[in-house]
Amino acid sequence: MAGAARVKHYHAPGRVNLIGEHTDYNGGFVMPIAIGLGCDVRRSAIRKKELRLVSAQFPGELAYPLAAIPSMEKTGTWADYVLGVAREILALGMEIKPAKLAVDATVPTGSGLSSSAALEVSSALALLDGRELPKVELARLCQRAERDFVGLPCGIMDQYAAVHGEAHRAIMLDCRSVTHQLVPIPEGAEVVVVNTMVKHELGSSAYRQRVAECQEALSHFPGKAALRDVTLAELERAAAKMAETPLARARHNILENLRVEGFHRAAVDGDLAAMGKLMVESHRSLQHDYEVSCAELDFLVDTALTLDGVHGARMTGGGFGGCTVNLAEPGSVDAFEREIKARYQARWGLNPAVYRCTPSAGAGRVE
Ligand code: GLA
């Protein structure tokens, strides 16, 4: 249509990780689902040779000359996720055409539901504008944007889930081979996410510290490429020579990988009790061995476990605030939501958002 700017709409989902936390950057296993909350980017072509960005969540219109993007410093704003992606696309030798991207996210920022990956992947699709990359390359490109430009040494889980999500299925991802199997969620289980509504400041520095502590733990196992390759027996043999912190971080990783595999088997068998038990064990390990939980998350997990129809509960994502993920009987979810909100409000004076999540499709163009 002459004159009217054509708007193209791209979407990428957030994710909730069912089990397998802080294992992705150690080559281990994770099991996220893509969720209904996500990030939408509407792209329109412009004349001026720049990338223009607006967000429904942040004020102002930002504009960057296309020619300046490869050598830009990071800005410290939300635009960094988009600029990081743009740089990676350019680094592949692909062109970025002048465009305005209008971003609107339904996944809350900093909630542990992967708002950054949703923004990266939806922006990447908008910037690629129909040029296709293999899915895993798209996920890797977005991970590089976050690691190398934004500066968080994250694993591949969030970007992978945003790209590969499937309706009705969880994604059992092997972060070493970067391949996945789809896992059915048994009947009789609903995934309910509860948001603490807090994000403690130490989040990203503690994340870096955990990555470093895992490297330190790994240095006790010459010849092993990642903590994923260390067995419990090997850890026990090395324990006497290891400091307490790297030992605990390694223990979490080794046991968490076993829990993901157990959870996978239990999901295939439809054994909700076993799935729930493994979620709780995962939480305790994140709380005590990995030390990435916080009082608000522990309160939500402990409270959930006193309520009817709850199979299991744990913190999800990086930690230090954000959300818990709960596996609950569908018939109990209304009462669960009422109770957990009332008790959290009474204890912390905050009204926690509750999201009922169904596994959703991965990123793509919205027609
Ligand atoms: C963040 C990172 C992921 C993963 C989780 C913890 O979401 O982006 O790569 O490490 O924390 O499991």
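Whatever order the structure lists them in is the order used to number ligands and atoms, beginning at 1. Note that these values count all heavy atoms, side chains included, but never hydrogens, waters or copies made by symmetry. The shown structure was predicted, so the numbers you read here are calculated from the model rather than taken from an experiment.
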Colleague: Which of the atoms of ligand 1 are close to Tyr207, meaning less than 4.0 Å from one of its heavy atoms?
Modeller: 1 (C), 2 (C), 3 (C), 4 (C), 9 (O), 10 (O), 11 (O)
Colleague: List the atom of Gln159, the atom of Gly155, and the distance in Å for their closest heavy-atom pair.
Modeller: OE1-O, 3.5 Å
Colleague: Against Thr324, only a single residue in Leu300, Asp298, Val192 fulfils side chain to side chain contact (heavy atoms under 4.5 Å, CB included); can you say which?
Modeller: Leu300
Colleague: In the protein, what heavy atom is nearest to atom 7 (O) of ligand 1, and what distance, to one decimal place, separates them?
Modeller: Asp158 OD2, 2.8 Å
Colleague: What are the atoms of ligand 1, with element, lying closer than 4.0 Å to any heavy atom of Met157?
Modeller: 4 (C), 5 (C), 12 (O)
Colleague: Just checking His164 against His180, ring centres under 6.0 Å apart?
Modeller: yes
Colleague: Near Gly155, which atoms of ligand 1 are under 4.0 Å from a heavy atom of that residue?
Modeller: 9 (O)
Colleague: Out of all atoms in ligand 1, which are within 4.0 Å of some heavy atom of Arg15? Include the element for each.
Modeller: 7 (O)
Colleague: Side chains of Ile185 and Pro359, heavy atoms from C-beta outward: is any pair under 4.5 Å?
Modeller: yes
Colleague: Please identify which atoms of ligand 1 are closer than 4.0 Å to at least one heavy atom of Gly318.
Modeller: 11 (O)
Colleague: Which atoms of ligand 1 are found less than 4.0 Å from any heavy atom of Tyr25?
Modeller: 10 (O)
Colleague: Report yes or no: does Gln159 have a heavy atom closer than 4.0 Å to ligand 1?
Modeller: no
Colleague: If you count the atoms of ligand 1 from 1 in the order shown, which ones are under 4.0 Å from a heavy atom of Asp24?
Modeller: 3 (C), 4 (C), 9 (O), 10 (O)
Colleague: Hey, looking at atom 12 (O) of ligand 1, which of Glu256, Glu21, Arg147, Glu146 has the closest heavy atom?
Modeller: Glu21
Colleague: Sort out for me which residue in Leu37, Thr109, Asp158, Thr106 forms a side chain to side chain contact (heavy atoms under 4.5 Å, CB included) with Ser115.
Modeller: Thr109
Colleague: Nearest 0.5 Å, please: how far is CD in Glu88 from CZ in Phe149?
Modeller: 10.0 Å
Colleague: For this output row, return yes or no: ring centroids of Phe263 and Phe29 closer than 6.0 angstrom.
Modeller: no
